[in-house]
Amino acid sequence: MKIQPIRGTHDYYDLDLHKIKLIEKKIRARAANFGFSEIVTPIFESSNLFSKPLGEQSDVVLKEMYSFKDKNNSSLTLRPEYTTPIIRAAISNKLLNKLPKKMFGIGSMFRRERPQKGRFRQFNQMNFEIFGSNDPISDFELIFISNLILKDILPNQKFELSINSLGDRNTLKKYKQSLSVFFDKYKNDLSDDSKNKINSNPLRILDSKDNKDIKICKNIPLISNLYSNEAFKIFEEVQKLLLDSKISFKIDNKLVRGLDYYCHTVFEFKNNNLGSQDTVIGGGRYDGLIKIIGGPDIPGVGFAGGLERLMLLMDPITIDNTNNHLIVIDEKLKNYGLNVFNKLHENNIPVYWDYKFNLKKSLSLANEKKARFAIIVGDDEVKNQKYTLKDLTNFSQETYSLKELIKKFNK
Ligand code: HAM
């Protein structure tokens, strides 16, 4: 029986695993500096945590959720995103009594999308959320953190920041209606896919990659015509904070994001070395969402970034291999080898044993793995109660007693 991996999933090992761990380390360091507390939640939740909050007509809910019936017939879903589970967990664990609450999580998400470069069915996200603040500084803080994390991980890459405002809740509703009216006039010229979205989800037509749709979208009504004075002020304040901090951005009035819960500020960081899946970080404000999930009526804002997309942009890395190899050249000397193996590990000194009992094979493996030292055990070493330490960078060697050997490594 040959079992294939599931399409759009990855096994991580060696260099890719190191890359993803390195990315996580940098994210956690930034999160700590900004005082975000980490949360880890289950990878599956009740399906209704996602269907209403993300939008019944969103692509994620319509097509991409991995949902299944549990034995008691309840519907469960592998989380397709992290904002709603983090909110659910904050409510379940009563974490929202001191505000603002700043939280972050890193983990796997699941979406049944068509796999391609930068788009997978199981992928990893970092996710930062601020609960309980209306202040545009919180929108700014998240864009600021995103910008720093991207620089930490990819100092040689360029990212373009686009921002938009979706106004308040009513604005988006009215905007959808005016888009439906607008696109209806062009229904014979739109692609088939977009035609089907005129009434159900006209916002998604704005993301269409079809040339005919792109042309029609050039003349769409502008959402900014529907902003309230308050929404204008908030958006201007976010822009001012970015300008004051010299974070460059462009305003993209077609930026509407794929999930339904957004209002006011939305933003995305893109990189043009990724092909069509070029958004590395996306987020925005979602006032009203926490209440929908059963929490207090407090605002929220956050972002998520795809770790695999960051990995694709990283330069090759080399692993700093500090390992040492134990080479016991004959099986009958096993016990003497075992003694040094145990003592080195008890002293926290890294050592790898291949149990080949063959000097040539073991040395070649140690070189291949770029080991720093080989600790060699042969007849002479046992006779003299010593160990030979071979420096694999210059092939010089010396013999040591066990005590001296430990001292040498601890230096
Ligand atoms: P999203 O735009 O759906 O937002 O996803 C955020 C990021 O996750 C994307 O920009 C991309 O880097 C990565 N991503 C999404 N889908 C895939 C995929 N199939 N394969 C690889 N990477 C992918 C959210 O998930 C919102 N929860 C963000 C948010 C947090 N808004 C407020 N707080």
Side-chain angles (χ1 to χ4, degrees), residues 6-10 20 23 27 36 39 41 45 49-50 53-55 58-61 63-66 78-88 90 101-131 133 138-139 141-143 145-146 149-150 153-154 159-164 166 203-204 207 255-271 274-290 293 299-313:
I6 295 166
R7 238 161 82 74
T9 67
H10 283 116
I20 208 154
I23 291 174
I27 294 166
F36 279 67
I39 186 156
T41 74
E45 299 271 357
L49 174 62
F50 304 112
L54 307 192
S58 65
D59 282 351
V60 173
V61 173
K63 301 187 267 194
E64 297 167 5
M65 294 209 304
Y66 281 100
L78 298 184
R79 60 187 183 202
E81 62 107 50
Y82 219 173
T83 308
T84 41
I86 292 179
I87 294 174
R88 198 273 309 136
K101 180 81 186 165
K102 303 185 185 186
M103 306 187 79
F104 84 105
I106 302 177
S108 291
M109 308 298 141
F110 305 83
R111 294 185 193 175
R112 199 177 193 289
E113 298 197 74
R114 197 167 44 79
Q116 64 179 93
K117 182 180 169 195
R119 187 161 75 185
F120 312 109
R121 289 184 171 175
Q122 177 172 349
F123 58 97
N124 290 282
Q125 272 188 350
M126 62 171 148
N127 209 100
F128 283 66
E129 309 293 345
I130 300 179
F131 302 132
S133 172
S138 54
D139 307 42
E141 178 171 348
L142 290 159
I143 297 175
I145 296 173
S146 304
I149 289 180
L150 291 175
I153 298 169
L154 297 158
F159 295 92
E160 187 172 86
L161 167 64
S162 303
I163 62 170
N164 192 18
L166 303 181
L203 291 174
R204 291 277 62 82
D207 303 330
L255 177 64
V256 288
R257 311 268 310 128
L259 306 167
D260 261 17
Y261 49 59
Y262 293 106
C263 58
H264 294 291
T265 318
V266 287
F267 64 94
E268 284 185 355
F269 282 86
K270 285 184 194 283
N271 175 286
L274 279 172
S276 67
Q277 303 305 309
D278 56 355
T279 307
V280 287
I281 284 180
R285 183 162 278 283
Y286 45 80
D287 303 348
L289 178 63
I290 299 171
I293 299 174
V301 55
F303 73 81
L307 304 198
E308 282 76 7
R309 294 191 188 173
L310 298 176
M311 281 170 75
L312 283 168
L313 294 170

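Indexing begins at 1, ligand by ligand and atom by atom, following the structure's order.
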Problem set entry | N/O donor-acceptor pair under 3.5 Å between R309 side chain and V280 backbone |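 Between the backbone of V280 and the side chain of R309 there is no qualifying donor-acceptor contact (under 3.5 Å).
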For this session: Under the side chain to side chain contact (heavy atoms under 4.5 Å, CB included) rule, what do L307 and F123 come out as? Steps first, then yes or no, please.
Result: CA-CA 7 Å; L307 304 198; F123 58 97; over 6 Å; no
Among all protein heavy atoms in this structure, tell me which lies nearest to [atom], with the distance rounded to 0.1 Å.
atom: atom 27 (N) of ligand 1; value: E81 OE1, 2.7 Å
atom: atom 30 (C) of ligand 1; value: T83 OG1, 2.9 Å
atom: atom 9 (C) of ligand 1; value: T279 O, 4.0 Å
atom: atom 11 (C) of ligand 1; value: R309 NH1, 3.4 Å
atom: atom 5 (O) of ligand 1; value: Q125 NE2, 3.2 Å
atom: atom 4 (O) of ligand 1; value: R257 NH2, 3.0 Å
atom: atom 13 (C) of ligand 1; value: G306 CA, 3.6 Å
atom: atom 14 (N) of ligand 1; value: F123 CE1, 3.5 Å

Problem set entry | Residue list, side-chain hydrogen bond (donor to acceptor under 3.5 Å, both in side chains) with K101, at least two apart or on another chain |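 If we apply the side-chain hydrogen bond (donor to acceptor under 3.5 Å, both in side chains) test to K101, skipping adjacent residues, there are no hits.
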Problem set entry | Partners passing side-chain hydrogen bond (donor to acceptor under 3.5 Å, both in side chains) against N124 (at least two apart in sequence or in another chain) |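 Only S108, E308 meet the side-chain hydrogen bond (donor to acceptor under 3.5 Å, both in side chains) criterion with N124.
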Problem set entry | Min heavy-atom dist E308 to ligand 1 below 4.0 Å |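 No; E308 lies far enough from ligand 1 that no heavy-atom distance drops under 4.0 Å.
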Numbering the atoms of ligand 1 from 1, which are under 4.0 Å from a heavy atom of [X]?
X: G118; value: 20 (N), 21 (C), 22 (N)
X: F120; value: 18 (C), 19 (N), 20 (N), 21 (C)
X: G283; value: 31 (N)
X: L259; value: 24 (C), 26 (C)
X: F303; value: 29 (C), 30 (C), 32 (C), 33 (N)
X: Y262; value: 26 (C), 28 (C), 29 (C), 31 (N), 32 (C)

Exercise. Judging by distance only, is a nitrogen or oxygen of Y261 under 3.5 angstrom from one on ligand 1?
Worked result: yes
Indicate, as side chain, backbone, both or neither, the part of [X] found under 4.0 angstrom from ligand 1 when only non-hydrogen atoms are considered.
X: F110; answer: neither
X: Y286; answer: side chain
X: E129; answer: side chain
X: R119; answer: both
X: V280; answer: backbone

For this session: Can you measure from CD1 (I163) to CD1 (I143) and round to the nearest 0.5 angstrom?
Result: 6.0 Å
For this session: Answer yes or no: is there an ion pair linking E268 with R257, defined by an N-O contact shorter than 4.0 Å?
Result: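 Here E268 pairs with R257 in a salt bridge, since their nearest N and O are under 4.0 Å apart.
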Exercise. Should R121 and E113 count as an ion pair when the cut-off is N to O under 4.0 Å?
Worked result: no
For this session: Please report the closest heavy-atom contact between R79 and T41, naming both atoms and the distance.
Result: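 The answer is NH1-O, 3.1 Å.
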Problem set entry | For the student: nearest non-hydrogen atoms of L142 and F303, plus distance |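 Scanning both residues, the minimum pair turns out to be O-CE2, 3.5 Å.
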Problem set entry | side chain to side chain contact (heavy atoms under 4.5 Å, CB included) between N271 and D278, intermediate numbers included | CA-CA 5 Å; N271 175 286; D278 56 355; 5.8 Å; no
Exercise. Mind checking whether Y286 and Y261 have parallel, tilted or perpendicular rings, split at 30° and 60°?
Worked result: perpendicular
For this session: Taking atom CZ of R112 as the centre, report whether more than 12 heavy atoms of other residues, nucleotides or ligands fall under 6.0 Å from it.
Result: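 12 or below, so no.
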